[in-house]
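Encoded as structure tokens, the structure appears first; notes follow it.
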Amino acid sequence: LAHLALGSVTGAAWFAQASADLGALLSDHLHCERKAAENALSLVRRYPHHRGLVAALTRMAHEETSHLAQVAGIIERRGWVVRPDTPNRYARGLLAAVRPRDPYHLLDELLIASFIEARSRERLSLLGDGFGAAGDRALSDFYHSLASAEERHAGLFVDLARPLISEIELCARLAELAEHETKVLAALPMGSRIH
Ligand SMILES: [Fe+2]
Ligand SMILES: [Fe+2]
């Protein structure tokens with residue numbers, strides 16, 4: 001069965017960069033969860049007829065909203081405020097590969113969402129490991145538990161895409177998008193953010 005594989009591995013220097021400004025990282029993470037929930041509901045609005053989509057993505061939006069609330073709680077308990085969202089060059093770069101006509105439009109949106117989930121899974125596990133090594137057990141456990149949810153979401157988006165094209169086409173498109181995602185990510189500056 002076709003499955004998603006990221007085209008690159010995040011380097012060891014990433015954790016120190018990402019966690020240098022913890023307030024900025026947590027705010028960026030909060031907005032990522034919000035956009036994940038919004039994207040799930042936007043697909044529900046535009047593709048209610050796609051089999052299984054409404055049930056799967058309303059559940060997912062619910063989970064992402066719960067992640068958002070948990071990040072908000074962490075920020076609040078530290079006495080910090082949520083910072084405004086910043087332009088998301090990662091998602092915008094990825095979405096430039098979306099083709100205009102269905103079924104390819106929906107296919108590309110689902111697969112790109114899957115790549116975002118898979119990269120988030122990778123980055124959130126690195127945060128789990130990094131905070132664990134730094135002795136912050138609470139943040140470490142939090143990020144490891146979120147990472148496993150995002151891994152599940154990545155698989156779910158690919159499963160929703162399966163009926164749209166043949167297995168061979170799906171494999172080919174996943175490979176193309178893996179290369180695209182790697183290029184987009186490599187062009188972004190490092191900072192205290194998830195992507
Ligand atoms: Fe999430
Ligand atoms: Fe997710």
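Every number for a ligand or one of its atoms is a count from 1 in the order of the listing. Atom set for the values below is all heavy atoms of this structure, side chains included, hydrogens, waters and symmetry mates excluded.
Judged by distance alone, the side chains of Glu150 and Ser120 never bring a donor and an acceptor atom under 3.5 Å apart.
Looking at Leu43 and Leu110, their side chains come closer than 4.5 Å, going by heavy atoms from C-beta outward.
Aromatic ring pairs are classed by plane angle as parallel below 30°, tilted from 30° to 60° and perpendicular above 60°; the pair Phe131 and Tyr143 is parallel. Classification of the His195-Tyr90 ring pair by plane angle, with boundaries at 30° and 60°, yields parallel.
Only protein atoms were considered; those of element N, O or S under 2.8 Å from the Fe ion (ligand 1) number 4.
Pairs passing the side-chain hydrogen bond (donor to acceptor under 3.5 Å, both in side chains) check and including a residue from residues 160-173, sequence neighbours excluded, read Asp108-Arg173, Asp159-Arg162, Ser166-Glu169, Arg173-Glu176.
Evaluated for a side chain to side chain donor-acceptor pair (under 3.5 Å) with Ser66, the options Glu64, Gln70, His62 yield exactly one hit, Gln70.
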